[in-house]
Amino acid sequence: MSFLTINCNKAELDVPAIHHFLSTQSTWAIGIPLATVQRAIDHSLCFGGYIDGRQVAFARVVSDYATFAYLVDVYVLEQHRGKGYSKRLMDAVMAHTDLQGLRRFLLATSTAHGLYAQYGFTPALRPASLMERYVPDLYQSGKA
């Protein structure tokens, strides 16, 4: 197994590769424009996972760094899955100094409940208190 290194250096992120994954392979951002991905990265705490200098994993956190964070865009490239890299990526996210002592840390997932449960994430305890404005086909509609 190759060694995965993780850092938060945005200068090392392979933005075209991130865009390619999100826009063509994710279940949540199909068709997302490159400019939108770049703006999201610019305004987030990002974690890149690298093997031999090539980016194979990514996670992004939107936060005020005091009370709240939202974990998004977490992925490991398919050919690198099943090697514990998602756990290593989550270890790095959860250990980050700026993300300690938060009152609420949210995420949305349809497939990785077991992974996130290892880090204390649970279904919303009071789902009736949560609301959202969700436009699932925004990127395909051309209105993004």
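One-based numbering along the sequence shown. Atom set for the values below is all heavy atoms of this structure, side chains included, hydrogens, waters and symmetry mates excluded.
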Mind checking whether Arg60 and Leu22 have side chains closer than 4.5 Å, heavy atoms only?
no

A side-chain contact here means heavy atoms from C-beta on lying under 4.5 Å apart; do Tyr139 and Ile30 qualify?
no

Quick one: list whatever passes side-chain contact (heavy atoms from CB on, under 4.5 Å) with Ala57, sequence neighbours left out.
Val76, Leu89

If a pair satisfies ring pair (Phe, Tyr, Trp, His ring centres under 6.0 Å) and one of its residues is in residues 13-33, list it, with sequence neighbours excluded.
Phe21-Tyr75

Which atom pairs, donor and acceptor, lie under 3.5 Å between side-chain atoms of residues 112-128 and protein residues at least two apart or in another chain?
residue, atom, partner, partner atom, Å
Gln118, NE2, Gly114, O, 3.4
Tyr119, OH, Lys87, O, 3.0
Tyr119, OH, Asp91, OD1, 2.6

Tell me if the CG atom of Asp52 is crowded by more than 12 foreign heavy atoms within 6.0 Å.
no

Transitive ILVMFWY side-chain link Val62 to Met90, under 4.5 Å:
no

Do Tyr50 and Asn7 make a side-chain contact, defined as non-hydrogen atoms from C-beta onward lying under 4.5 Å apart?
yes

Start with the C-alpha distance between Val74 and Phe47, add both sets of side-chain angles, then the distance that settles side chain to side chain contact (heavy atoms under 4.5 Å, CB included), and finish with yes or no.
CA-CA 9 Å; Val74 180; Phe47 297 79; over 6 Å; no

Does the side chain of Leu13 reach to within under 4.5 Å of the side chain of Cys46, using non-hydrogen atoms?
yes

Are Leu34 and Val15 close enough, and set up right, to give a side chain to side chain contact (heavy atoms under 4.5 Å, CB included), and what steps lead you there?
CA-CA 8 Å; Leu34 175 60; Val15 176; 3.9 Å; yes

Should Tyr65 and Leu99 count as side-chain neighbours, where that means a heavy-atom distance under 4.5 Å?
yes

